[in-house]
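I have placed the structure first, in the form of structure tokens, so that the comments after it can refer back to it.
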Amino acid sequence: MSPLIMAFTGKGGVGKTILSALTGKIFSGQGKRVLFVDADPARGLEGSLGVLDLKTIGQAREKIIRKAAQKKAAGEKADLFNMIDYLILEALYEAPDFSLLVMGRTDNIGCYCPLNELLRGTIAAISSQYDVIIIDAEAGLEQVNRKVVETVHYPVIVCDNSMRSVRTAVMIDEIINDIPKMAPIKTGVIFNRVDEADNKLVQLITDQKMLCYGCIKPDRVISDFDLSGRSLMEIPDDSPALGQLTSLLDSIIG
């Protein structure tokens, strides 16, 4: 059975990394095997999960290209498949209740498009071992589509009560609609860290034929965890924001 794939995207600073981490906690608490993919070059998700100094897919990619160039110079054919399998597994962090891959910056050395395809294939093979994949993405999903997975079943665009975040949401929705094969089951918006979503901004969202799932109110417990660098997987189950997100996920996935 293929895993459920959910991606959180939106303007920087709206809290998509925290929502990604909390979503993983919710699914893990349901007994599901969770794979996080940190696809944002800012690499915030690993810190929110209490994991530091991981090797990234970008570093693995650079190492593969260097080795391939050395073997080519020596007149040998590079065994990319074996190198990719080894280096991807080396980059995979496994904890008792989740696993994590950090993409990092993956275009530092050349455009090696065939390698990008092989990397995506290897990630897909690893992903098949999990029930849920949660992707913390930068604004737009074109990089995720090109380097991680072809489709995201549930892209969740995170906004706050600012016009800029909603305009970014509209742009992201247009990008998703333009990506071949993405074909999400449902795309919608969560207003994060607001007591109530601004009516005018909600109207802009619905005018674009996007769904507005609701809002998550500010939660001091989560803010304290985030400031102290503690893993958000350890957030107490009675956290108000965690409960609100659980209800929203139930409505999104059904």
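Position 1 is the first residue of the sequence, and the numbers go up from there.
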Quiz prompt | Evaluation steps, side chain to side chain contact (heavy atoms under 4.5 Å, CB included), between Met6 and Ile253 | solution = CA-CA 10 Å; Met6 178 171 283; Ile253 298 171; 3.9 Å; yes
Quiz item: Shortest non-hydrogen contact from Leu245 to Leu19?
Solution: CD2-O, 3.9 Å
Exercise. Decide yes or no for Leu22 and Ile222: does some side-chain heavy atom of the first lie under 4.5 Å from some side-chain heavy atom of the second?
Key: yes
Quiz item: So, Lys186 side chain and Ile252 main chain: donor-acceptor pair closer than 3.5 Å or not?
Solution: yes
Quiz item: Does atom CD of Glu234 have more than 12 heavy-atom neighbours from other groups under 6.0 Å away?
Solution: yes
Quiz prompt | Rounded distance [0.5 Å steps], CD1 in Ile126 versus CG in Leu101 | solution = 5.5 Å
Exercise. Looking only at non-hydrogen atoms, find the nearest pair between Phe225 and Ser231 and report the distance.
Key: CD2-O, 3.6 Å
Quiz item: Just by distance, do the side chain of Asn192 and the backbone of Val158 share a donor-acceptor pair under 3.5 Å?
Solution: no
Quiz item: Would you say Arg193's side chain and Ile216's backbone share a donor-acceptor pair under 3.5 angstrom?
Solution: no
Practice problem: Working to the nearest 0.5 Å, report the span between CD1 of Ile157 and OG1 of Thr9. | Solution: 7.0 Å
Practice problem: Mind running side-chain hydrogen bond (donor to acceptor under 3.5 Å, both in side chains) on Ser99 and Tyr93 for me, showing each step along the way? | Solution: CA-CA 5 Å; Ser99 297; Tyr93 175 85; over 6 Å; no
Quiz item: When you measure from the side chain of Asn161 to the backbone N and O of Ala197, does any donor-acceptor pair fall under 3.5 Å?
Solution: no
Quiz prompt | Heavy-atom closest contact (Thr23 atom, Phe8 atom, distance) | solution = OG1-CZ, 3.1 Å
Quiz item: Side chains of Tyr213 and Val189: closer than 4.5 Å at any heavy-atom pair?
Solution: no
Practice problem: Measure from the side-chain N and O atoms of Ser239 to the backbone N and O of Ile235, and report whether any donor-acceptor pair falls under 3.5 Å. | Solution: no
Quiz item: Taking the six-membered ring for Trp, are Phe98 and Phe36 parallel (under 30°), tilted (30 to 60°) or perpendicular (over 60°)?
Solution: perpendicular
Self-check item: Considering all heavy atoms, the nearest Gly47-Leu52 contact
Solution: CA-CD2, 4.2 Å
Quiz prompt | For the student: nearest non-hydrogen atoms of Arg33 and Gln129, plus distance | solution = NH1-O, 2.9 Å
Quiz item: Does a donor on one side chain and an acceptor on the other come within less than 3.5 Å for Thr17 and Asp136?
Solution: yes
Quiz item: If only atom types and distance count, is the side chain of Lys32 paired as donor or acceptor with the main-chain N or O of Asp131 below 3.5 Å?
Solution: no
Quiz item: Do you know the tightest heavy-atom contact between Asp219 and Val221?
Solution: OD1-N, 2.9 Å
Practice problem: Using a 4.5 Å cut-off on heavy atoms from C-beta on, say whether the side chain of Met233 contacts that of Leu49. | Solution: yes
Practice problem: Output yes when a side-chain donor or acceptor of His153 lies under 3.5 Å from a complementary backbone atom of Pro184, and no otherwise. | Solution: no
Quiz item: Hey, what do you get for OG1 (Thr246) to NZ (Lys25), rounding to the nearest 0.5 Å?
Solution: 9.5 Å
Quiz item: About how many Å separate CG of Asp226 and CG of Leu232, when rounded to the nearest 0.5 Å?
Solution: 6.0 Å
Practice problem: State whether a side-chain donor-acceptor pair under 3.5 Å links Asp207 with Gln203. | Solution: yes
Practice problem: Tell me, with the steps shown, if Met103 and Asp38 meet side chain to side chain contact (heavy atoms under 4.5 Å, CB included). | Solution: CA-CA 6 Å; Met103 297 303 294; Asp38 189 344; over 6 Å; no
Quiz item: Side chains of Ser162 and Ser165: donor-acceptor distance under 3.5 Å anywhere?
Solution: yes
Exercise. Would you confirm whether Ser28, through its side chain, and Asp97, through its main-chain N or O, come within 3.5 Å as a donor-acceptor pair?
Key: yes
Quiz prompt | Donor-acceptor contact present, side-chain Asn177 to main-chain Asp173, <3.5 Å | solution = yes
Quiz item: About how many Å separate OG1 of Thr151 and NZ of Lys181, when rounded to the nearest 0.5 Å?
Solution: 10.5 Å
Exercise. Take Ile135 and Ile5 through the test side chain to side chain contact (heavy atoms under 4.5 Å, CB included) and record every step on the way to the result.
Key: CA-CA 8 Å; Ile135 303 170; Ile5 304 174; 3.9 Å; yes
Quiz item: Among Met163, Met210, Arg167, which residue meets the side chain to side chain contact (heavy atoms under 4.5 Å, CB included) test with Leu204?
Solution: Met163
Self-check item: Flag side-chain contact, heavy atom, 4.5 Å: Leu100 against Leu35
Solution: no
Practice problem: Report the C-alpha separation of Lys217 and Asp195 in whole Å, then their side-chain angles, then the decisive distance to 0.1 Å, and conclude whether the salt bridge (charged side-chain N to carboxylate O under 4.0 Å, His left out) test is met. | Solution: CA-CA 5 Å; Lys217 297 181 180 182; Asp195 290 312; 5.3 Å; no
Practice problem: Decide yes or no on side chain to side chain contact (heavy atoms under 4.5 Å, CB included) for Phe191 and Asp160, but give the supporting numbers first. | Solution: CA-CA 5 Å; Phe191 282 82; Asp160 54 23; 5.9 Å; no
Quiz item: Got a second to check how far Ile205's CD1 is from Leu211's CG, nearest 0.5 Å?
Solution: 10.0 Å
